[in-house]
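Excluded from the calculations below are hydrogen atoms, water molecules and symmetry mates; all remaining heavy atoms, backbone and side chain alike, are included. Everything quoted here is computed from the prediction, not taken from an experiment.
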Amino acid sequence: MQKLVYLFLATILSVTTYAQPSSDLIELVNPLIGTDSKPSLSNGNTYPAVALPWGMNFWMPQTGKMGNGWAYTYAADKIRGFKQTHQPSPWMNDYGQFSIMPMTGKLRIDEDERASWYSHKAETAKAYYYSVYLADHDVTTEIAPTERAASFRFTFPKTDSSFVVIDAFDKGSYIKVLPKEHKIIGYTTRNSGGVPANFKNYFVIYFDKAFSSAQTWHDKTIAKDTLELNANHAGAVVGFKTTKGEQVHARVASSFISFDQAEQNLKELGNDTFDVVKQKAKAAWNKELNRIQVEGGSLAQRQTFYSCLYRSLLFPRKFFELDANKKVVHYSPYNGQVLPGYMFTDTGFWDTFRSMFPFLNLMYPSLNTQMQEGLANAYKEGGWLPEWASPGLRNTMIGSNSASVIADAYLKGLRGYDINALYEAVLKNSENEGPMDAVGRRGAAYYNKLGYVPYDVQINENAARTLEYAYDDFAIYQLAKALKRPQAEIDRFAKRCQNYRNLYDKQSGLMRGKNQNGTFQSPFNPFKWGDAFTEGNSWHYTWSVFHDVQGLIKLMGGNQKFVTKLDSVFTIPPVYDESYYGSVIHEIREMQIANMGQYAHGNQPIQHMIYLYNYAGEPWKAQYWLREVMNRLYLPTPDGYCGDEDNGQTSAWYVFTAMGFYPVCPATDQYVTGAPLFQKVTATLENGKQLIINAPNNSDQNRYINVMRINGQEYSKNWLSHQELQQGAIIDIDMTATPNKKRGTQPADFPYSFSAELK
């Protein structure tokens, strides 16, 4: 009897726990996911960003050498400093960077000599807090952030030789020590491109303890008799006499505008103690994470979900500041001026147009409204839309996917910014090459004349460009209609969005490069990475017809042949031809080792592909494979991603997919359905309405949708409406272990395709 009572109480307790999920969701986040990476193999290529959501400044422990994009790697065993970073990815590298490093004993300023052994066993990495024990110095360092400032706490041993080294890095830096104020100021200019000639990151540091010594240094040499230094590589070092366990605090802030503005940004810390700053940062994260509450699933699945949500809330970063009058101002990374208004940066639209920006439109429309204003400012200040900004124009990746980002925001109801300037900008992109390959449209004249970018005119990645331009033209077409532009203009983009058809090769059933004379590029190897495609091959890019899947299905010969082609992605071995690159790039290796055939989820071009089963009447196959990808390719571990995380895109894919739907075609109203991962999801929208997804019998085995009901009404369609979700909805889903092969099979159930408008 006692055993029965115990079991009954245990059951009640488990039900109560399930019904009342923890609000301390930040503790499920592991910032170390993805940090076990290297140039030859990315398991995320992330670093533990100690930051607030979308914060201007991040902080990180620095294990790599100065200038190394892999600034923190999980396999490293020494820390060289604690770096303020603005790095969006190791491939883009960093800017606005300097470091702080405590140490004891003999003074050593060189980054290798001052480095200390550390262990993950003595490391605590949270989004809102970082702590680590530096074994060689017997010092514990702790960091807690605000958006533009941070609080440091150093716990020293008993010694008269405690130091803090400030490293402003090379390529031109400045440092000044003001002992009477316990203060250090300086600036760093080190960057990786995309900045005007006058670029500087100005920083201020205040300590709460008087210096027992103070010096400046350049390169590896202590300067003589000066506390102010301008050099290629400048730094400072201040000393303290400390008792055992004594805590020395530092308050740090920076600005891209001026020293005075850095002081203004320091006010974010106020008079808060370190622990108060830490608690406020934790509360800020919990506020955002609690916007989406999930229940059920395993602990590992919840950890993965919230860690992906954390990554989805970091970029694009705020690149604006609040002046003494609380006015929004920014240093322009496009023209070097200080101007009013918003600015955001550190995002590549080739990655993030797919789900990162649609996620903002669903959950954070007001924030994305500010981002759209910032994008308009970028165009006005630089003359072009930034397809990859870090912090200004960077020459990498392809497409003019800013059109998708702009159109999707406006079509989903965002207002209050200069949409006319943004539309002018996308029109300019559609007709012109820019000042660099990744700005405007490379090959625009060919594309507009022939309907494709030719293979044989020395424009690399030509097929990928054609396919992306065609989708972007659809986005412009949608926006042009919404803005009531002239009909001839609307018709022009309606026609151009069909240009994907020009590359379809009936013989192979795949997309293929085409020569200027209209013949297909030959010989054709669909497994060849690069060349006509971008970081992928024809098996990946063939599906890049986001806006007209029915048109692609018709080209392939109907639903069954289309589904067979989709199936083939998983059944063909992961063979590859790397000859274009001359070596196996990391994206190829990540596909090869994933054991999912040609499915290369570690890179963006194919991430929407599984959802396309919904367009051909076999949604249960999407439900199966989406669960496989979530189970096999995402883990809450340092090697937990299957490729570059890429500024929230790969994470936002998981967040959407775990909720049970995904924006296959931004610039439409629809999300294409998969199946939820959890037994319950409660998303609180910005307008206060709630989207509740109930799937109580969801499990590892029950991954298929048997019946779906929206607000009590049975629903058979393979898509959800953004506008309807914004009104709040309760979606009840009966999940089963066997697929329901009757639901979602009729053409009326299929998601939007442009071809439907042509009938």
Is any side-chain heavy atom of [X] closer than 4.5 Å to a side-chain heavy atom of [Y]?
{"X": "Trp70", "Y": "Trp91", "result": "yes"}
{"X": "Thr159", "Y": "Asp138", "result": "no"}
{"X": "Met343", "Y": "Thr345", "result": "no"}
{"X": "Tyr174", "Y": "Lys200", "result": "no"}
{"X": "Glu461", "Y": "Arg442", "result": "no"}
{"X": "Val277", "Y": "Lys280", "result": "no"}
{"X": "Met397", "Y": "Thr534", "result": "yes"}
{"X": "Trp350", "Y": "Gln649", "result": "no"}

So, is the end of the Lys428 side chain (NZ or CZ) under 6.0 Å from the ring centre of Trp384 and within 45° of the ring's axis?
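Cation-pi check for Lys428 and Trp384: passes.
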Does the pair Ile406 and Leu385 meet the rule for a side chain to side chain contact (heavy atoms under 4.5 Å, CB included), with working shown?
CA-CA 10 Å; Ile406 291 164; Leu385 289 168; 3.8 Å; yes
Tell me if the aromatic rings of [X] and [Y] count as close, with their centers under 6.0 Å from one another.
{"X": "Phe240", "Y": "Phe207", "value": "yes"}
{"X": "Phe344", "Y": "Phe320", "value": "yes"}
{"X": "Tyr310", "Y": "Trp54", "value": "no"}

Assess the residue pair Glu246 and Lys209 against the criterion (salt bridge (Lys or Arg N to Asp or Glu O under 4.0 Å)); give the C-alpha distance rounded to whole Å, side-chain angles, the decisive distance to 0.1 Å, and a yes or no.
CA-CA 11 Å; Glu246 182 175 355; Lys209 184 178 175 67; 2.9 Å; yes
Checking [X] side chain against [Y] main chain: does a donor-acceptor pair fall under 3.5 Å?
{"X": "Gln97", "Y": "His86", "result": "no"}
{"X": "Glu645", "Y": "Gly648", "result": "yes"}
{"X": "Arg80", "Y": "Ala115", "result": "no"}
{"X": "Ser651", "Y": "Leu309", "result": "no"}
{"X": "Asn325", "Y": "Lys327", "result": "no"}
{"X": "Glu387", "Y": "Asn401", "result": "yes"}
{"X": "Ser89", "Y": "Asp646", "result": "no"}
{"X": "Thr216", "Y": "Glu228", "result": "no"}
{"X": "Asn377", "Y": "Tyr342", "result": "yes"}
{"X": "His586", "Y": "Lys38", "result": "no"}

CG/Leu134 to OG/Ser119 distance, rounded to the nearest 0.5 angstrom?
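One finds 12.0 Å between CG of Leu134 and OG of Ser119.
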Measuring from atom CE of Met66 to atom OG of Ser99, what distance do you get when rounded to the nearest 0.5 angstrom?
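It is 9.0 Å, given to the nearest 0.5 Å.
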For the pair Asn395 and Leu393, evaluate side chain to side chain contact (heavy atoms under 4.5 Å, CB included) and give the outcome as yes or no after the intermediate values.
CA-CA 7 Å; Asn395 197 26; Leu393 300 176; over 6 Å; no
Could you walk me through whether Phe259 and Tyr187 satisfy the side chain to side chain contact (heavy atoms under 4.5 Å, CB included) test, starting with their C-alpha distance in whole Å, then the side-chain angles of each, then the deciding distance to 0.1 Å, before giving a yes or no?
CA-CA 9 Å; Phe259 285 120; Tyr187 63 71; 4.1 Å; yes
For Val204 and Ile184, run side chain to side chain contact (heavy atoms under 4.5 Å, CB included): C-alpha distance rounded to whole Å, both residues' side-chain angles, the deciding distance at 0.1 Å, then the answer.
CA-CA 6 Å; Val204 296; Ile184 299 172; over 6 Å; no
Looking at Lys241, I'd like to know if its NZ atom is crowded, meaning that more than 12 non-hydrogen atoms belonging to other residues, nucleotides or ligands lie closer than 6.0 Å.
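No, NZ of Lys241 has 12 or fewer neighbouring heavy atoms, counting only those of other groups under 6.0 Å.
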Would you say [Y] and [X] are linked by a side-chain donor-acceptor pair, where the criterion is simply a distance under 3.5 Å?
{"X": "Ser258", "Y": "Glu263", "result": "no"}
{"X": "Glu268", "Y": "Thr146", "result": "yes"}
{"X": "Asn265", "Y": "Gln261", "result": "yes"}

Does the plane of the ring in [X] sit parallel, tilted or perpendicular to the ring in [Y]? Use 30° and 60° as the thresholds.
{"X": "Phe199", "Y": "Tyr331", "value": "tilted"}
{"X": "Tyr118", "Y": "Tyr72", "value": "tilted"}
{"X": "Trp59", "Y": "Phe98", "value": "perpendicular"}

Please assess Lys318 against Glu147 for the test salt bridge (Lys or Arg N to Asp or Glu O under 4.0 Å), listing each intermediate value before the final yes or no.
CA-CA 8 Å; Lys318 295 175 180 177; Glu147 287 187 343; 2.7 Å; yes
Check Thr352, Thr347, Asp351, Val439 against Trp388 for a side-chain contact (heavy atoms from CB on, under 4.5 Å) and give me the one that passes.
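Among Thr352, Thr347, Asp351, Val439, the one that satisfies the side-chain contact (heavy atoms from CB on, under 4.5 Å) with Trp388 is Asp351.
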Begin with the C-alpha distance, continue with both residues' side-chain angles, and end with the deciding distance and a verdict on salt bridge (Lys or Arg N to Asp or Glu O under 4.0 Å) for Lys78 and Asp136.
CA-CA 10 Å; Lys78 286 187 177 182; Asp136 288 325; 5.3 Å; no
Given Tyr95, which partner from the list Asp346, Thr85, Asn201, Asn191 fulfils the side chain to side chain donor-acceptor pair (under 3.5 Å) test?
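Per the side chain to side chain donor-acceptor pair (under 3.5 Å) rule, the option paired with Tyr95 is Asp346, out of Asp346, Thr85, Asn201, Asn191.
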Walk me through it: do Asp112 and Lys65 pass the test salt bridge (Lys or Arg N to Asp or Glu O under 4.0 Å)?
CA-CA 8 Å; Asp112 291 329; Lys65 286 180 175 289; 2.6 Å; yes
